[in-house]
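Below, each value reflects all heavy atoms present in this structure, side chains not excepted, and no hydrogens, waters or symmetry copies.
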Protein chains: 2
Amino acid sequence: MVTIYDIAKKANVSPMTVSRVINHSPAISEATRLKVEAVIREMDYIPNKQARGLVSKETKLISLVIPDIANPFFTTIARGAEDKALQSGYQMLLGNSDEQTDKECRYVDLLLSSKVDGVLIAPTGDASLSNLRKLAKRRVPFVFVDRYVEGIDADLASGDNVETTRELVAHLAEQGHRRIALINGPSGISNARERRQAFLDALVLSGLEAYPELLIETHFRQDSFSDIVRTFMALAPSARPTAIVAANNFIGVNTLRALKEMNVTVPDEIAVACFDDPEPIPDYNPFLTVAAQPAYDIGYMGMQMLIERIEGTAPARSRKIMLPSTLIVRKSTVKA
Amino acid sequence: MVTIYDIAKKANVSPMTVSRVINHSPAISEATRLKVEAVIREMDYIPNKQARGLVSKETKLISLVIPDIANPFFTTIARGAEDKALQSGYQMLLGNSDEQTDKECRYVDLLLSSKVDGVLIAPTGDASLSNLRKLAKRRVPFVFVDRYVEGIDADLASGDNVETTRELVAHLAEQGHRRIALINGPSGISNARERRQAFLDALVLSGLEAYPELLIETHFRQDSFSDIVRTFMALAPSARPTAIVAANNFIGVNTLRALKEMNVTVPDEIAVACFDDPEPIPDYNPFLTVAAQPAYDIGYMGMQMLIERIEGTAPARSRKIMLPSTLIVRKSTVKA
DNA sequence: TATGTTTATGTTACCGATAACATTAACATA
DNA sequence: TATGTTAATGTTATCGGTAACATAAACATA
């Protein structure tokens, strides 16, 4: 491998002079600079970031830890985050936690060892506390995307859960629904908690009543909703929900599937709307009404805040950025 | 930061002994090992990969360079690749080339500086040659996913373009179509070239004729197909295609959209089928007939071959893995 | 008993860069 | 002319590990 020593020898200067040229130090004569630059080009020298990092204590590496890169919502966050990282000269490491705190823990250990400059994380839930404490203890800056953890002070970029929930409920209320169910994520995850509260508030706002039996808590990656749907359908017709709000795209799509399997027609018998668009490339004839969170911006802004933290240009107090969603009304909530 | 020197001092041994314990060297007495391990735990020591890598010449970093992480096909490749990487103790860096050779070049420079152990790449096309040469020159192992570059010898994991194309054409022929169009990617990308040839061969196999005016070359991320569709519709009715094969999900979806805008009914007037499912979470009522390539396996197998190359356990000759697709027939090709 | 072998541990140098300090030459100033 | 100042460059130590070699103690063998 070509090192600054090879360059130095060939250019007849000291390695330190080469280092100065590479780092654009002003204390270099024009003549020397040109000479060294010529040799660098000639020998096709590339600085070794590892060696540099050992001294400078920075790696220009940022880790993104998300539940699942295959979910279009997180995919788009990743895309936004990566764009910002590249702009600022950082490279992005990817980690899927699969909503499992122990897998997340494995990543945290890995990235602590890799000495990343910072971490952008959508934590698996409140159980992530110990993982985040580990980061904090080692003074690795981190920023939350999509979700936060109670008791940990850090910047957050997320969708506006309150306003988004309100929009979904208002839309359904407008369509005449009076009994609306919520199929939510686990209460151990901040956005599920927020969505639940926002849902209850939104019902009041729309002049509707809340029914405890229509408030379901499940997982964001639950893949069968047959039991839940069956329970709904077992209710007396007057007690059945006529509309369902699903707390993410995965729940939304799989609820639709369960309804279809049980021959419940959507939206005629039950309307369905959800958070996050399941389709990154909108299909010909999309069916599901969604409140699309601005995932790209969440990733981009989150990364921006993180880089500001890393580079010390962020304000001392932590920032919470809530971005508005876009309600996209489709067939699953509008009767023909 | 806690280093092996801190551990050594506290445990009353030399730093080298600590290093041996960390690396599970057998030449350590049980007593010393336990003593050192206790101090390591007590002081919460984490090895510094940068320092280690400076000596060992490995970073346990692999870079994945793909056109776009937001495209579900590549997303799923990333997911498979990441799973395999983690299993084998590697971390994955992500880079989006956006189908631009110069952006790809920027990444290659970055990862050369980061001293990654290997690169998994879906090259932007034949123009990637110089970028790949750079990698080869520096002896950074790389493996192709989805696409290869003529003149570069490396392992490849991809879908079986020939067989997949044949299936799509056979399906359309079975539906009675005699004039089938192909809207393809750029001929500078290997899989577009392969799909074109496979398409022509498949037509022959199905006893159909090829019409040059129905062979369109465009971009994999082209977003408007109005002109192409308009040209088709301007043909005399007997010369118009009755079916279109789109070379990827993006082309497929946007062709559908263009057809819709021009009030061409699908599949009645024109049927449409494409490579790669645009929907990572199949929607309630998916419309588009697709040949779904096994993206997860492409990523997983590609990463596996790469790790074998890195660790020197791969055979000298390069391997080409072609994985079969699954034809999913939906409404866009089947008249009601 | 002297020597060889094995096992466990320590010492030194180095990976490729940079920070901190040292030196030199050129020039300005008194 | 002696001294101070500035600009350009060099030297040394260090970052946190590990390879290679050195050493010491314990034991076996002739």
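Residue Met1(A) has its side chain nearest to dG16(C) when only dG16(C), dG16(D), dT9(D) are considered. In the set dT18(C), dT9(D), dT9(C), the nucleotide with an atom closest to the side chain of Ala27(A) is dT9(D).
Rounded to whole angstrom, the span from the CG atom of Asn12(A) across to the C1' atom of dT9(D) amounts to 13 Å. When the P atom of dT18(D) is taken as reference, atom CD of Glu58(B) falls 11 Å away, rounded to whole Å. Atom CZ in Arg52(A) sits roughly 18 Å away from atom P in dG16(D) (whole-Å rounding). Note: CD (Glu30(B)) to P (dT7(C)) measures 16 Å, nearest angstrom.
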Which pairs, protein N/O on one side and nucleotides 19-25 of chain C N/O on the other, fall under 3.5 Å?
none

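OP1 or OP2 of dG10(C) has at least one side-chain nitrogen or oxygen of Ser14(B) nearer than 4.0 Å. Regarding contacts with the backbone of dT9(C), a side-chain N or O of Thr32(B) is found under 4.0 angstrom from either OP1 or OP2. OP1 or OP2 of dT18(D) sits under 4.0 Å from a side-chain N or O of Asn23(B). Taking side-chain N and O atoms only, Ser29(A) has a distance below 4.0 Å to OP1 or OP2 of dT9(D). The side chain of Lys57(A) contributes an N or O atom lying less than 4.0 Å from OP1 or OP2 of dG16(D). Between Tyr5(B) and dT14(D) there is no side-chain polar atom (N or O) within less than 4.0 angstrom of OP1 or OP2.
Ile28(A) comes within 4.0 angstrom of sugar-phosphate atoms only, judged by non-hydrogen atoms across all strands, and of no base. Pro15(A) comes within contact range of no nucleotide atom at all, as no heavy-atom separation falls under 4.0 Å.
Across all strands shown, dG16(C) is found opposite dC15(D) as a Watson-Crick or G-U wobble partner, with both distances under 3.5 Å.
A salt bridge is absent between Arg317(B) and Asp153(B): the closest approach of a Lys/Arg side-chain nitrogen to an acidic carboxylate oxygen does not fall below 4.0 angstrom. Salt bridge present: Arg221(A) and Asp98(A) bring a charged side-chain N and a carboxylate O closer than 4.0 Å.
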